[in-house]
Protein chains: 2
Amino acid sequence: MDRPAPVSPCHCLALRQASRRLTQHYDQHLAPTGLRTSQYGLLRGLGRVGPISINGFADIMVMDRTTMGRALHPLTRDGLIAAGPGRDGRTRSLTLTEAGQKRIEEAQPFWEQAQRTFEERYGAVPAGDLRRAAERLALSV
Amino acid sequence: MDRPAPVSPCHCLALRQASRRLTQHYDQHLAPTGLRTSQYGLLRGLGRVGPISINGFADIMVMDRTTMGRALHPLTRDGLIAAGPGRDGRTRSLTLTEAGQKRIEEAQPFWEQAQRTFEERYGAVPAGDLRRAAERLALSV
DNA sequence: GTGTAAAGCGTGCATATGCGCCTAAGCAAG
DNA sequence: CTTGCTTAGGCGCATATGCACGCTTTACAC
């Protein structure tokens, strides 16, 4: 997998490529848990901000609302997230189930190893800088 | 679309969120051209490194080979990229067609505006730093 | 109360993403 | 020439991504 120089000074393309690579790295570490990185992120996020509506959760996770709706399917199917009725007839209330909480705890060591091995290769300081820059982008654009 | 603080110190999650947001920004600007950001990136990339095989192009663009194979479908369908026979009976040779070259030129002003407006909001210097950090990640991990 | 706007969510469509498995073609050792 | 490894690519499956459109429910002005 040796490649020539990356093609283009496009900020977006560079970020997309980096995102793909990093996702692959984390996914490989999380594979034994049966969770993808995206799903682990959703569980962690819901654990912090739930109970919450789909739209609210989508905003927090920086996703399109319809993407969120569909991303929840495999998680509700597997009983990791419960989507009960909300305070309205419109809203649905998302909560992390006990199985979901347990699954997070099982997956955490694998996530930590992914995070750690990435920091070892890329450098912990640059990794932190990159993360903060990405967080700022997600909030600002 | 105002959100609370982003959830998690996970490098991967932060990068994925930023990637989604930025892709949305560029996609909105490129919408009049009928190209998505990803497709514009593929055309630009192929223009630089083509003719090339699918696997070779996938490596350069930091994609899975199967993802590349499928991403080419709408582009070959629309005649922007030609997938002729390669030097082997196995390999296929990807080239940018004249229509593809023309499409890039048509789209360029829209891409430039997306790039520029992002830099205005996020800051040109941080944007460059972020792009270089992302490029390094794509090559290193 | 009623009409209208807005909020919350779902669905259809098209593309994006990558893993596992498969086939075909080249290539080297015997 | 045959056996076996490697390379190039396709396809099925499942999830990810978001736009356009539509539906139901609520909020609000009047």
Side-chain angles (χ1 to χ4, degrees), chain A residues 1 12-13 15-32 34-43 52-59 61-78 80 83-94, chain B residues 1 12-13 15-32 34-42 51-59 61-78 80 83-94:
Chain A
M1 276 275 247
C12 185
L13 183 56
L15 215 59
R16 289 174 58 85
Q17 293 181 349
S19 170
R20 279 197 294 262
R21 267 240 180 273
L22 199 56
T23 300
Q24 221 165 352
H25 174 75
Y26 280 69
D27 272 348
Q28 282 166 7
H29 281 275
L30 282 176
L35 287 177
R36 302 191 175 186
T37 305
S38 53
Q39 300 175 331
Y40 178 77
L42 288 179
L43 293 181
I52 192 173
S53 70
I54 293 183
N55 282 5
F57 194 36
D59 273 357
M61 299 303 286
V62 193
M63 279 191 198
D64 185 86
R65 129 195 116 60
T66 64
T67 301
M68 174 62 79
R70 279 187 254 255
L72 294 173
H73 286 164
L75 297 172
T76 55
R77 180 198 60 199
D78 297 346
L80 307 178
R87 44 166 179 47
D88 276 2
R90 305 171 283 184
T91 311
R92 304 180 64 184
S93 179
L94 302 174
Chain B
M1 275 275 245
C12 186
L13 182 57
L15 216 58
R16 288 174 58 84
Q17 294 180 349
S19 169
R20 279 198 293 263
R21 269 241 181 269
L22 199 56
T23 299
Q24 221 164 351
H25 174 75
Y26 279 70
D27 272 348
Q28 282 166 8
H29 282 275
L30 282 176
L35 287 177
R36 301 191 176 187
T37 304
S38 54
Q39 300 175 329
Y40 179 77
L42 288 179
I52 193 174
S53 71
I54 293 182
N55 281 7
F57 193 37
D59 273 357
M61 298 302 288
V62 193
M63 279 190 198
D64 186 86
R65 141 195 107 58
T66 64
T67 302
M68 174 63 79
R70 278 185 253 255
L72 293 173
H73 286 164
L75 297 172
T76 54
R77 181 198 60 199
D78 298 346
L80 306 178
R87 44 167 180 39
D88 275 3
R90 305 171 284 182
T91 313
R92 304 180 65 185
S93 178
L94 302 174

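Residue numbers start from 1 in every chain, and the chains themselves are labelled A, B, ... in the order their sequence lines are given, proteins ahead of strands. The structure presented is a predicted model; accordingly, all values stated were derived computationally and were not measured.
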J.: Can you check the B:Leu72 CG to D:dG10 P distance for me, whole Å?
T.: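 After rounding, the gap between these two atoms is 8 Å.
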J.: Return whichever of B:Gly89 or B:Asp78 has its heavy-atom-nearest nucleotide of DNA chain C closer to the 5' end.
T.: B:Asp78
J.: Using only side-chain N and O atoms of B:Arg77, determine if any of them is under 4.0 Å from OP1 or OP2 of C:dT15.
T.: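 It does, given that an N or O in the side chain of B:Arg77 lies less than 4.0 Å from OP1 or OP2 of C:dT15.
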J.: Whole angstroms only, please: what is the CD-P distance between A:Gln28 and C:dT17?
T.: 16 Å
J.: Do A:Asp64 side-chain atoms and A:Thr66 backbone N/O form a donor-acceptor pair below 3.5 Å?
T.: yes
J.: For B:Ser19, which residues count as a side-chain contact (heavy atoms from CB on, under 4.5 Å) partner, sequence neighbours excluded?
T.: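 Applying side-chain contact (heavy atoms from CB on, under 4.5 Å) to B:Ser19 gives A:Arg16, A:Ser19, B:Thr23.
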J.: Specify the separation, in whole Å, of atom NE2 of A:His25 and atom C1' of C:dG18.
T.: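 The answer, rounded to whole Å, is 17 Å.
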J.: side-chain contact (heavy atoms from CB on, under 4.5 Å) with A:Pro32: which residues, sequence neighbours excluded?
T.: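 Scan of A:Pro32 (side-chain contact (heavy atoms from CB on, under 4.5 Å), adjacent residues dropped) gives A:Phe110.
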J.: Using atom CG of A:Asp64 as one end and atom C1' of C:dA14 as the other, report the distance to the nearest whole Å.
T.: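 It is 14 Å, rounded to the nearest whole Å.
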J.: If I take atom CE in residue A:Met61 and atom P in nucleotide D:dG18, what distance separates them, rounded to the nearest angstrom?
T.: 12 Å
J.: Generate the contact string for nucleotides 4-12 of chain C. Rules: B means base contact, S means sugar-phosphate contact only, - means no protein heavy atom under 4.0 Å.
T.: ---BSBBBB
J.: So which one's nearest nucleotide on DNA chain D is more toward 5', A:Arg36 or A:Thr67?
T.: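 On the 5' side of the pair lies A:Arg36.
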J.: Tell me every residue that passes side chain to side chain donor-acceptor pair (under 3.5 Å) with B:Thr76, counting only those two or more places apart in sequence or in another chain.
T.: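 Testing B:Thr76 for side chain to side chain donor-acceptor pair (under 3.5 Å), a comparison that skips the adjacent residues, returns none.
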J.: State whether A:Gln24 places a side-chain N or O below 4.0 Å from either non-bridging phosphate oxygen (OP1 or OP2) of C:dC19.
T.: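 Looking at the OP1 and OP2 atoms of C:dC19, one of them is under 4.0 Å from a side-chain N or O of A:Gln24.
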J.: To the nearest angstrom, how far is B:Met63 atom CE from C:dC19 atom C1'?
T.: 17 Å
J.: Please identify each residue that fulfils side chain to side chain donor-acceptor pair (under 3.5 Å) with A:Tyr26, with sequence neighbours left out.
T.: A:Gln115
J.: May I have the distance from B:Asp59 (atom CG) to D:dG9 (atom C1'), rounded to whole angstrom?
T.: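 For the pair B:Asp59 CG and D:dG9 C1', the rounded distance is 14 Å.
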J.: Which whole-number value in Å describes the distance from B:Phe57 CZ to D:dG9 P?
T.: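 The answer, rounded to whole Å, is 13 Å.
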J.: Tell me, please, which residues at least two apart from A:Asp88 pass side-chain contact (heavy atoms from CB on, under 4.5 Å).
T.: A:Arg90, A:Thr91
J.: Taking the side chain from A:Asp27 and the backbone from A:Thr37, do they hold a donor-acceptor pair closer than 3.5 Å?
T.: yes
J.: On DNA chain D, nearest-nucleotide positions of A:Gln39 versus B:Asp27: which is more 5'?
T.: A:Gln39
J.: Examine D:dA16: is either OP1 or OP2 under 4.0 Å from a nitrogen or oxygen in the side chain of A:Arg20? Give yes or no.
T.: no
